[in-house]
*Asks:* 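After the structure tokens below, expect a handful of questions from me.
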There are 2 protein chains.
Amino acid sequence: MISVGGAFIVPLMSPQGSGAAADAAAPAAGRGRRAPRVSGEERESAILATAERLLEERSPQQISVDDLARGAGISRPSFYFYFPSKEAVFLALIDRLVAQADEGREQLLEHLAEDPAARWREALETIFGVFGAHRAVSLAGAEIRAVSPEARALWSGVMEQWVADTAAAIEAERARGAAPAGVPARDLAVALVSMNERVLYASFTGEAPALAEERLLEVLLPIWLSAIYGTTEPG
Amino acid sequence: MISVGGAFIVPLMSPQGSGAAADAAAPAAGRGRRAPRVSGEERESAILATAERLLEERSPQQISVDDLARGAGISRPSFYFYFPSKEAVFLALIDRLVAQADEGREQLLEHLAEDPAARWREALETIFGVFGAHRAVSLAGAEIRAVSPEARALWSGVMEQWVADTAAAIEAERARGAAPAGVPARDLAVALVSMNERVLYASFTGEAPALAEERLLEVLLPIWLSAIYGTTEPG
DNA sequence: GCAGCGTATCAACGCCGCGTCGGGATTGTC
DNA sequence: GACAATCCCGACGCGGCGTTGATACGCTGC
């Protein structure tokens, strides 16, 4: 059963196989053992894999339930046995990505005192890395946020975490005298994290005024540093 | 068919056209062509008004052609006499807003030398003001960008303008020695303008990590200043 | 006054995507 | 061999979109 409301478990298997579609129905004759249970799980990840593959060429709105079903080798009504809606599929994909991102987030900003610039750099690099590795899903996330309350909540959660971590780090830097006082740390964090999100998004879609992906770090890092420390070369 | 109307015509302008025409500037004029049945014009603006009103309570996707038609007192097929699609209606609304914004943009950053902080402050204030005055339309714009290539092009045009203006101002400040060299001015401008857009959007929707609207300026301005001048108190 | 044209309107149609219902197949268990 | 899951799908109803074809209402000109 899939429940869309909360974080639910997603198959650990990497969906990237992108093996081809429409073949899950291979008969293979009853031969062999363990044909029974697995089939369901396989179908489920086939749907997820199809979704991720299709997202690389079209937007979520342009992908129909039928596309997903056919891609996984089942009929449209069967799709509903696995997911309550196509939105739930995208949500599952995003959920998985978010979980990955949360892992990377941990303890990145703990030893700032040693070399602030380097640590902040790593933190930004990590974020860019996670989302860059699944850009299609990242973009889908940003897009269905506008339509799905669940997606909005999920995304908010991630942003909130980053903002909290960033704000805590800024406060720590201020406490040890490395950063000057200024606007509330949390407000600063909100603005900087938002900037990253938007710039990253633009960079992925390649829309009008955007930064080249390779230059993201060298442009954004100095802005973070000067906003936080008042200089791009914090000691 | 029919082009979208005499007033804010939303031309199927080719993409990349610096923000679009919207030469609706002359309300009294427009007498040039055949006498336009007033009734028709009224209907057209009734549709636009309905759209703007409905946008204050629902997202563009949740507004159907039927809603717009009924709101303007006509049937659904009649709607198509005035606009080719509901998307075109929203586009017309955005186009109008963009035109207003373009006006405000002019010559804001010309006398930076006199009092940089104050001038930048005014520039940001102006932008926030224009979009804040029609937040429903602003939000709709951000949302249909994901779906409509025209909307994307339109928005890109606006962003491009601001980025260009901002970049030029930064370069001017660097030239007169008021701002230190650093990452390319344009890149800096892209990041800062993007930050504004995203933070403004979050603030309007009230989504998770957002800044209160009244605090936008006091948070964003210091970030702009320190990113550009390396200090929040440029001389 | 009436022919004629351009404006404005709508009932009815066809299409497509969504989600559901109810019945059927396969498999595993007692 | 009966029962229960699990899995699958044909066929339906709904709602939104955009089009067609048939009108009705001026106004213009003769």
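Since we're looking at a predicted model, the values are computed, not measured. Within every chain, numbering begins at 1; the chains are lettered A, B, ... in the order of the sequence lines, protein sequences first and strands thereafter.
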*Asks:* Measure from CD on Q62(B) to P on dG15(D) and round the result to the nearest Å.
*Replies:* 16 Å

*Asks:* Under 30°, 30 to 60°, or over 60°: which ring-plane class applies to W224(A) and W120(A), parallel, tilted or perpendicular?
*Replies:* tilted

*Asks:* CZ of F79(A) versus P of dC7(D): gap in Å, rounded?
*Replies:* 15 Å

*Asks:* Side chain of S64(A), backbone of D67(A): donor and acceptor closer than 3.5 Å?
*Replies:* yes

*Asks:* Counting heavy atoms from C-beta on, name the nucleotide in dG19(C), dA8(C), dC7(D) closest to the side chain of V65(A).
*Replies:* dG19(C)

*Asks:* Reckon S78(A) has a side-chain N or O less than 4.0 Å from the OP1 or OP2 of dC9(D)?
*Replies:* yes

*Asks:* Would you say the side chain of R76(B) and the base of dG18(D) hold a donor-acceptor pair, judged only by whether the two atoms sit under 3.5 Å apart?
*Replies:* yes

*Asks:* Does E207(B) pair with R198(B) as a salt bridge, N-O distance under 4.0 Å?
*Replies:* yes

*Asks:* Of the candidate nucleotides dG10(D), dG18(D), dC10(C), which contains the atom at the shortest distance from the side chain of S85(B)?
*Replies:* dG18(D)

*Asks:* Using the benzene-type ring in the case of Trp, are the ring centres of Y201(B) and W155(B) under 6.0 Å apart?
*Replies:* no

*Asks:* Which nucleotide in the set dA8(C), dC7(D), dC17(D) lies at the smallest distance from any side-chain heavy atom of Y80(B)?
*Replies:* dC17(D)

*Asks:* Identify whether any heavy atom of S64(B) sits under 4.0 Å from a base atom; if not, whether one sits that close to sugar-phosphate; answer base, sugar-phosphate or nothing.
*Replies:* sugar-phosphate

*Asks:* Of the listed nucleotides (dT20(C), dC7(D), dC17(D)), which one gets closest to any side-chain atom of P77(A)?
*Replies:* dT20(C)

*Asks:* The side chain of I74(B) lies closest to which of these nucleotides: dC7(D), dC18(C), dC10(C)?
*Replies:* dC10(C)

